[in-house]
Amino acid sequence: MIKMKKQDEELIAQHPWLLDVSGPLLAWYDRQARILPWREQNTPYRVWVSEIMLQQTRVEAALPYFERFMQALPTIKDLADADPQLLLKLWEGLGYYNRVRNLQAAARAVVEKWDGNLPDQYDQLVSLPGIGDYTAGAIASIAYNRPIPAVDGNVLRVLSRLLASRADVTQPSVKKEMRSLAQAMIPSERAGDFNQALMELGAMVCLPNGAPRCDQCPVYHLCRGSQQGIAHELPVKPPKKQRRSIDLTVFILICEGNVLLRQRPKKGLLAGLWEFPHVEGWITAEEASRWVNQWGGKVLDNHALPKAQHIFSHLEWHMTAYKMLCTSFPAPKGYIWADRSQLSGQIALPSAFRAYSKHLPEWL
DNA sequence: AAGACGTGGCT
DNA sequence: TAGCCAAGTCT
C-alpha cells in the first residue's frame, strides 16, 4: 500500500464516491480500448516514445510516425547514437520539434546513467529532459504498473466533470489537486490500465467542446457534472490571447533541379529544420530579384505564387512567394542547394511551407 | 506565471 | 471561415 500524504487523504475523503469509478471504468476499458501499437507491446522504450509523440498530439497523427520511428531506432542505444538530422526527418510534420531533441538527450542520459534501461521511478523519470509530471506518471504506470497518476488534458476534463468542478484547470494548483485525487483513485494492481482508461474515456466518450457522449459513459451514474446538467460546460479555461501576425516573402530559388534552402537557428521556432529563404514583409518581384543578384545569381524567370498562410499556436505567417529560375551561384553560408533525393531522405522541412513545398516534385 | 513551442482535424 | 484544442514541457 502506497502511503498518501495527509492532504491527499483529506481531499479524497471529501469525494469518497470517486473510489467507485475504477471498477466500471476498467470493465469498460477492457471491452472498448483501442488496439494501439504501444499497448500491444508496452515495453518502457515504446511507451516512452509514444508518450512523447502524443504530447499535444492526436493518436491518429502519431500512429504512422511511431511505427516508422521504432523501425528506424529499435533501441534506446540506437536513439542515443542517431544523427540529429535523421531524428528531425523522422519527426518532420509532427511539430514541437524540441520533443525529439530532448528525447535524444534523455536517451543519452539513460545510456550513461542506467546502462540503457529506462528507470521505473517517478523522480528519476521526471529528471530527464522532455519528461514532465504527466509523462513520468504515464511511463511509471503504463510500462511498470506503478501506482503513479498520469493527469493529462483528458483526465482534467473527466475529473472536472465527475466533480462538477468549475475550477480553472490551467492553474497549477488545480492540476495538483486533480493529481492527488487521481492518485487516490488508482487500483494498485492495475495502475497502468486505470490511467489509460481515464484518458481513453476522455478521448472517446467524455469529449471536449461541449460534446460529451454521456449515454455511452460507464460512470455516468457517478458523474456530478452530468447530474447537474453542466458536464458540457466543463472544464473551465481562460480565453486564449490573440496571435501575433507576421508578413513574409518567400523565395523559391530553383537552379538546375536544385532548390535553395537554409537551416533555421538551433533554438526557437522550428529549430534546426530547413526552410525556403525569406524576408519579413511583402516585397515586389523586382526587389526579390535584387536579393538574388546580391547572392551572385541572375533571375531568368520570376513567377509570383499565390499567397499562403500558416497558423501556429502563438503566431500567424502570412506569406507571399516568388518562384525564380536563376543562374548557378554558390550557396551562401548556412544555405544549401538541395535536390530531390536530399529532400526525401535527409532534409526536414516544416509543414508551415507546405503550400509551396508540395510543388517541389514538379519544380525540380 | 505566462508565453513559447507545431500541426491538423473538427465544428 | 475562425476558433478550439490534443496523451505537455520548458523557461
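Numbered from 1 within each chain, the chains take letters A, B, ... in sequence-line order.
- Distance from the side chain of A/Q55 is smallest to C/dG8 among C/dA6, C/dC4, C/dG8.
- Closest approach of A/A62 and A/L54 over heavy atoms only: CB-CD2, 3.9 Å.
- Spacing of P atoms, C/dT11 relative to B/dG6, comes out at 14 Å, to the nearest Å.
- Across all strands shown, A/S313 has heavy atoms under 4.0 Å from base atoms, whether or not it also approaches the sugar-phosphate.
- Rounded to whole angstrom, the span from the OH atom of A/Y96 across to the C1' atom of C/dA6 amounts to 9 Å.
- Here the two rings, on A/F312 and A/W317, have centers that are under 6.0 Å apart.
- Listed pair A/R157 / C/dA6 meets the phosphate criterion, a side-chain N or O lying under 4.0 Å from OP1 or OP2.
- Contact detail for A/L125 and A/P119: the closest heavy-atom pair is CD2-O, 3.3 Å.
- The distance from atom CD of A/Q171 to atom C1' of C/dG8 is 16 Å, rounded to the nearest whole Å.
- Between the CG atom of A/L207 and the C1' atom of C/dA6 there is a distance of 12 Å, given to the nearest Å.
- In 5' to 3' order, the nucleotides of DNA chain B bounding all contacts with chain A (an atom under 4.0 Å from a heavy atom) are B/dA1 to B/dG8.
- Counting any heavy atom pair closer than 4.0 Å across all strands shown, A/A352 reaches sugar-phosphate atoms only and no base atom.
- Take the nearest nucleotide of DNA chain C for A/R39 and for A/G130: the residue whose nucleotide is more 5' is A/R39.
- Screening residues 136-164 of chain A for salt bridge (charged side-chain N to carboxylate O under 4.0 Å, His left out) gives A/D120-A/R146 as the qualifying pairs, with residues at least two apart or on separate chains.
- Nearer the 5' end of DNA chain C, as judged by each residue's closest nucleotide, is the contact made by A/E316, out of A/E316 and A/E51.
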